[in-house]
Amino acid sequence: SQQGEEDPQALSIQEGENATMNCSYKTSINNLQWYRQNSGRGLVHLILIRSNEREKHSGRLRVTLDTSKKSSSLLITASRAADTASYFCATDGNAGNMLTFGGGTRLMVKP
Amino acid sequence: NAGVTQTPKFQVLKTGQSMTLQCAQDMNHNSMYWYRQDPGMGLRLIYYSASEGTTDKGEVPNGYNVSRLNKREFSLRLESAAPSQTSVYFCASSANRVPGEKLFFGSGTQLSVL
């Protein structure tokens, strides 16, 4: 069963705009990670936020975590065509510390 | 530095045929994983190996077997392929299997079972 659910499932924006993706999860977590997947490729780790953190930045990425709402958001600022990809959240915190992935958000950035 | 290498990249099987997906990592990682990715379902864990010599079932292990051949290699075997196993398969590795470890993924194997 999926722990994380991303919203929206698909997002289309113009280059230069900001892109916001949301992730909701069901049970308590230790950490939440975001991954990017380019078409036909494997996932690449972007950023990790721990359960005791509320916000984290990495370059043009900003991740927030609200454990009271069991949700996280990924903001990509000043998007570029190269940001076109699928983005997945992944959580751990279950008994086996398995990393559980959501269904992903497909982002298209038009030049 | 190759990272995680999977072979083959594409495979077509007939129902009932068997095959083995190969995975190797060169990062000296202890933990390795097999996931399958289906449209709209995200990635689901099939099997994992926390360390050399150990393997454990994930969320969807039925119809699969694995072998941790050595620290570098972790293979996934389909003994009798079924159309429900049509999917994209990803191998991944991490330094250890502890909370917060990031995973490194291979580029995937697209498998079709007819």
Side-chain angles (χ1 to χ4, degrees), chain A residues 1-10 21 23-53 56 58 61 63 65 67 85-106, chain B residues 2-10 21 23-25 27 29-51 54-61 87-111:
Chain A
S1 60
Q2 288 176 237
Q3 161 75 311
E5 296 285 346
E6 284 91 341
D7 171 61
Q9 290 188 333
M21 289 157 271
C23 169
S24 59
Y25 55 91
K26 298 171 185 173
T27 61
S28 297
I29 62 170
N30 295 316
N31 308 279
L32 186 144
Q33 303 182 37
W34 285 92
Y35 287 79
R36 183 188 72 223
Q37 183 182 32
N38 290 91
S39 181
R41 307 293 296 174
L43 280 69
V44 175
H45 180 266
L46 293 176
I47 195 166
L48 175 147
I49 187 164
R50 303 190 187 281
S51 60
N52 61 354
E53 297 175 311
K56 206 161 181 181
S58 176
L61 305 180
V63 170
L65 179 64
T67 54
S86 291
Y87 293 82
F88 296 86
C89 67
T91 57
D92 60 33
N94 53 39
N97 285 323
M98 302 298 175
L99 201 59
T100 307
F101 289 82
T105 292
R106 295 188 311 278
Chain B
V4 179
T5 304
Q6 288 181 238
T7 56
K9 293 189 182 301
F10 302 95
L21 281 64
C23 175
Q25 52 90 10
M27 295 173 283
H29 283 171
N30 286 310
S31 303
M32 299 185 73
Y33 313 82
W34 278 104
Y35 285 89
R36 60 177 287 173
Q37 184 178 31
D38 301 295
M41 294 291 291
L43 277 76
R44 292 182 292 170
L45 182 65
I46 304 170
Y47 270 94
Y48 68 97
S49 171
S51 60
T54 69
T55 60
D56 284 287
K57 295 178 180 179
E59 182 184 354
V60 288
S87 188
V88 181
Y89 291 85
F90 289 97
C91 178
S93 70
S94 64
N96 294 288
R97 193 179 70 82
V98 296
E101 285 282 357
K102 65 181 181 182
L103 269 59
F104 294 81
F105 284 84
S107 57
T109 296
Q110 189 167 322
L111 175 67

Could you tell me which portion of A/Leu43 (side chain, backbone, both or neither) has an atom closer than 4.5 angstrom to a non-hydrogen atom of chain B?
both
Which distance, rounded to the nearest 0.5 Å, do you find between the CG of A/Asp92 and the CD of B/Glu101?
10.0 Å
Rounded distance (nearest 0.5 Å) linking atom NZ of B/Lys102 with atom CG of A/Leu46:
10.0 Å
With sequence neighbours left out, the residues meeting ring pair (Phe, Tyr, Trp, His ring centres under 6.0 Å) with B/Tyr47 are none
B/Gln37 side chain to A/Gly42 main-chain N or O, any donor-acceptor pair under 3.5 Å?
no
With a 3.5 Å distance limit and no angle check, can you tell me whether B/Tyr35 reaches the backbone of A/Phe101 through a side-chain donor-acceptor pair?
no
Tell me, please, which residues at least two apart from B/Tyr33 pass ring pair (Phe, Tyr, Trp, His ring centres under 6.0 Å).
none
Main-chain N/O of B/Gly100 paired to A/Asn30 side chain as donor or acceptor, under 3.5 Å:
no
Show the nearest heavy-atom pair for residues A/Gln37 and B/Phe90, with the distance to one decimal.
NE2-CZ, 3.2 Å
If we define contacts as heavy-atom pairs under 4.5 Å, which of B/Asp56, B/Asp38, B/Leu103 has the most with chain A?
B/Leu103
Heavy-atom distances under 4.5 Å only: say whether B/Leu45 touches chain A with side chain, backbone, both or neither.
side chain
Using a 4.5 Å cut-off on heavy atoms from C-beta on, say whether the side chain of B/Phe105 contacts that of A/Arg41.
no
Between A/Gln9 and chain B, which part of the residue has a heavy atom less than 4.5 Å away: side chain, backbone, both or neither?
neither
